[in-house]
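Okay, structure first, notes after.
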Amino acid sequence: MTIRLYDTSARQIRDFIPLKPGCVSIYLCGATVQAAPHIGHIRSGLNFDIMRRWFEYRGYDVTFIRNVTDIDDKIITKSADQDRPWWSIGYENERAFNHGYTVLGCLPPTYEPRATGHVTEMVEMMRGLIERGHAYEADGNVYFDVKSFPEYLRLSNQELDNLLQPSGEGETGKRDARDFAMWKAAKPGEPSWETPWGRGRPGWHLECSAMAHKYLGSAFDIHGGGLDLIFPHHENEIAQAKAYGDEFAQYWVHNAWVTMSGEKMSKSLGNSVLVSEMVKAWRPIVLRYYLGTPHYRSMIEYSEEALREAESAFARIEGFVQRVVELAGHDVEPAAEVPTAFAEAMDDDLGVPQALAVVHTTVRQGNSALAADDKEAAVARLAEVRAMLGVLGLDPLDAHWAGESDRGEDLNGVVDSLVRLVLDQREAARARKDWATADAIRDQLKQSGLVIEDSPHGPRWSLGPR
């Protein structure tokens, strides 16, 4: 068994060989908490949650770090615009992100450090870089000298001569326009911390280099994030960490975006879809299916039609699970091992679409067993399905999803009683062979959004796709 991952730095799929046998260390660039999350933000968390679950299934001890960037230019700008403390904006949106991760079934990280809690580590790293000749102070700012690090831009595969380095307001005193800020001199009214070079605040890139070093050491296995972070963020992280003396990440894994009309979902484009609103309109487990089942390196073009397709696809899986539970009870535990084809797909760069095809094939086999009244085979297929869905975080029988529904779960018992009354009328019509009335009742229920299924154990109903 060998897990293989696409390594952005190598531009190819590589066999995963951990630094420490049996252990995996992962650093994921988490939320910049200047606003509430949209589904594009949460996709990254979902993709790496599935990665983590697969490593754990394969027997690895996983240390998973997901940071919070709670101070940056956008947060400070919003603080001024809204006349609110910067930390108030950050904390409010940090809670919104954590709610989004939780409601969509992501496991909590091993540690979730905030940038503002690690200024001491940042100062230590800057001091070391200045001593080694890789950084310098100017006007209270501290800059990284990109020419001092020959490996700079290898991740993004750019040429230094053609580089346009993003710069913020107040970044004065640079020796070279391509140098980037690690520390920004204090401005009136802005948050700041004391350093040997005067008061100021951290630059975005320095935060992650310092936190990764603190929690994972000088070398760790996997660094993850969205494609948009390759440059400048991840490129600058590498420069700081390696110039400081760290080996840093051995593999770089990047997830693709959620797009709308071909553009990256972004608040600046005004095309974002907030998680808090989406979970009011769609069941969270369906949203997880929609965002988590495409390959992590594939773009997802957002549309309600695609969401409806995901809802229908998951309903087929969930319907099979419910039917077997009705037949055999809730005691069917997940199988000890997933099917071989599922494992092979997941080992091959987390091939979730191919793995999901195995899930649907197993569901069809289970439905055939149910139709043949083969309880033993149906239960065996359910055990396999539960094992596979557990890896994907989609097992509807898992405690996290117990009773999960955003379409009136409090009324479920009332609706069930009312539907049963109508179904009793339909059964009475069928008993007297009044097929026209029976069919009319079924069609009327269908128009109301209910799907009626006749099983060997009597009729059952479910909500149909919207």
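Small disclaimer: the values here were computed from a predicted structure and weren't measured.
In terms of modelled atom types and a separation under 3.5 Å, the side chain of Gln240 and the main chain of Ile238 share no donor-acceptor contact. The backbone N or O of Ser156 lies less than 3.5 Å from no partner atom in the side chain of His234, so there is not a single donor-acceptor pair. At distances below 3.5 Å, not a single donor-acceptor pair connects side-chain atoms of Asp70 with backbone N or O atoms of Val33. In this structure, the side chain of Arg201 does not engage the main chain of Ile71 through any donor-acceptor pair within 3.5 Å. Panel note: side chain Thr110, backbone Ile65; no donor-acceptor pair is recorded below 3.5 Å. The backbone N or O of Pro113 lies less than 3.5 Å from no partner atom in the side chain of Asn67, so there is not a single donor-acceptor pair. Between the side chain of Arg114 and the main chain of Val68, no donor-acceptor pair closer than 3.5 Å is present. Side chain of Asn93 to backbone of Ala36: a donor-acceptor contact under 3.5 angstrom is found. Counting only distance, with no hydrogens or angles, the side chain of Asp72 and the backbone of Ile75 share a donor-acceptor pair below 3.5 Å. With Thr259 contributing its side chain and Lys264 its backbone, the two residues share no donor-acceptor pair below 3.5 Å.
The nearest pair of heavy atoms linking Ala343 to Arg58 is CB-NH2, 3.5 Å. Considering all non-hydrogen atoms of both residues, Leu206 and Met182 come closest at CD2-O, 3.4 Å. The two atoms that bring Ile3 and Tyr60 nearest to each other are CD1-CE1, 4.2 Å, heavy atoms only. Between Pro18 and Cys23, the shortest heavy-atom distance links the atoms CB-O, 3.2 Å.
Relative to the ring axis of Tyr101, Arg66 places its NZ or CZ within 45° and under 6.0 Å from the centre.
Under the side-chain hydrogen bond (donor to acceptor under 3.5 Å, both in side chains) criterion, Trp54 pairs with Asp347, sequence neighbours left out. Applying the side-chain hydrogen bond (donor to acceptor under 3.5 Å, both in side chains) rule to Arg364 yields the partners Thr361; only residues at least two apart in sequence or on another chain are considered. Partners of His213 according to the ring-ring contact (aromatic ring centres under 6.0 Å, His included) rule, which considers only residues two or more places apart in sequence or in another chain, are Tyr244. Residues passing the ring-ring contact (aromatic ring centres under 6.0 Å, His included) test with His205 are Phe180, His233, sequence neighbours excluded. Residues passing the side-chain hydrogen bond (donor to acceptor under 3.5 Å, both in side chains) test with Tyr289 are His360, sequence neighbours excluded. Every ring-ring contact (aromatic ring centres under 6.0 Å, His included) that Tyr251 has, sequence neighbours left out, goes to Phe16. Remark: Phe97 pairs with His41 by the ring-ring contact (aromatic ring centres under 6.0 Å, His included) rule, at least two apart or across chains. A search for side-chain hydrogen bond (donor to acceptor under 3.5 Å, both in side chains) contacts involving Asp228 returns Trp257, not counting sequence neighbours.
Residue Glu124 qualifies as open at atom CD: its count of foreign heavy atoms under 6.0 Å is 12 or below. Counted within 6.0 Å of CD on Gln82, heavy atoms from surrounding residues, nucleotides or ligands total more than 12; the atom is thus considered enclosed. The environment of Arg95 atom CZ is sparse: at most 12 non-hydrogen atoms of other residues, nucleotides or ligands sit within 6.0 angstrom. The local environment of NE2 in His99 is sparse, with at most 12 non-hydrogen atoms from other residues, nucleotides or ligands closer than 6.0 Å.
Residue pairs meeting the side-chain hydrogen bond (donor to acceptor under 3.5 Å, both in side chains) criterion with at least one member in residues 10-24, sequence neighbours excluded: Arg4-Asp15, Asp7-Arg14. For residues 375-392, every residue pair satisfying the side-chain hydrogen bond (donor to acceptor under 3.5 Å, both in side chains) rule, not counting sequence neighbours, is listed here: Arg381-Glu384, Arg386-Asp395.
Using a 4.5 Å heavy-atom cutoff, the side chains of Met211 and Tyr27 are in contact. No side-chain heavy atom of Phe55 sits less than 4.5 Å from a side-chain heavy atom of Arg52. The closest side-chain heavy-atom distance from Val321 to Leu382 is below 4.5 Å. Considering only heavy atoms from C-beta on, Asp49 stays 4.5 Å or farther from Phe64 through its side chain. Looking only at side-chain heavy atoms (C-beta outward), Leu389 and Pro396 come within less than 4.5 Å of each other.
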Per-pair distances, 0.1 Å, donor-acceptor, side chain in residues 349-358, under 3.5 Å, sequence neighbours excluded:
from, atom 1, to, atom 2, distance (Å)
Asp349, OD1, Tyr6, N, 3.0
Asp349, OD1, Tyr296, OH, 2.4
Asp349, OD2, Tyr296, OH, 3.4
Asp349, OD2, Arg297, NE, 3.0
Asp349, OD2, Arg297, NH2, 2.8

Donor-acceptor contacts, no H, no angles, side chain residues 331-342, under 3.5 Å, sequence neighbours left out:
none

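To the nearest 0.5 Å, the span separating CD1 on Ile39 from CZ on Arg288 amounts to 14.5 Å. In this structure, CD1 on Ile89 lies 7.5 Å from NZ on Lys78, to the nearest 0.5 angstrom. Leu104 CG to Tyr290 OH: the interatomic distance, rounded to the nearest 0.5 Å, is 13.0 Å. Interatomic distance, Asp221 CG to Ser25 OG, rounded to the nearest 0.5 Å: 3.5 Å. Rounded to the nearest 0.5 angstrom, Trp86 CH2 and Thr116 OG1 are separated by 5.0 Å.
Side-chain atoms of Ser209 and Glu237 include no donor-acceptor pair closer than 3.5 Å. Inspection of the Tyr215 and His118 side chains reveals an N or O donor paired with an N or O acceptor under 3.5 Å. A donor-acceptor contact under 3.5 angstrom links the side chains of Tyr152 and Asn236, judged on distance only. Inspection of the Arg316 and Asn367 side chains reveals no N or O donor paired with an N or O acceptor under 3.5 Å.
Salt bridge Lys280/Glu277: present, at least one basic N to carboxylate O contact under 4.0 Å. The pair Arg53-Glu56 does not count as a salt bridge, with every side-chain nitrogen at least 4.0 angstrom from each carboxylate oxygen.
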(request) Give the intermediate values and the outcome of side-chain contact (heavy atoms from CB on, under 4.5 Å) for residues Glu309 and Glu305. (result) CA-CA 6 Å; Glu309 290 174 357; Glu305 180 182 358; 3.8 Å; yes
(message) Before you tell me yes or no, could you show the steps for Lys74 and Thr32 under side-chain contact (heavy atoms from CB on, under 4.5 Å), namely the whole-Å CA-CA distance, both residues' side-chain angles and the distance that decides it to 0.1 Å?
(response) CA-CA 9 Å; Lys74 292 178 181 178; Thr32 298; 5.8 Å; no
(message) Go through it in stages, so that I can follow the logic: the residues are Glu207 and Thr69, the test is side-chain contact (heavy atoms from CB on, under 4.5 Å), and I'd like the CA-CA distance, side-chain angles, deciding distance and then a yes or no.
(response) CA-CA 8 Å; Glu207 298 172 348; Thr69 298; 3.2 Å; yes
(request) Take Arg43 and Met265 through the side-chain contact (heavy atoms from CB on, under 4.5 Å) test and state the conclusion after the steps. (result) CA-CA 11 Å; Arg43 183 192 181 184; Met265 188 169 284; over 6 Å; no
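Under the 30°/60° scheme for interplanar angles, the aromatic rings of Phe220 and His223 are found to be tilted.
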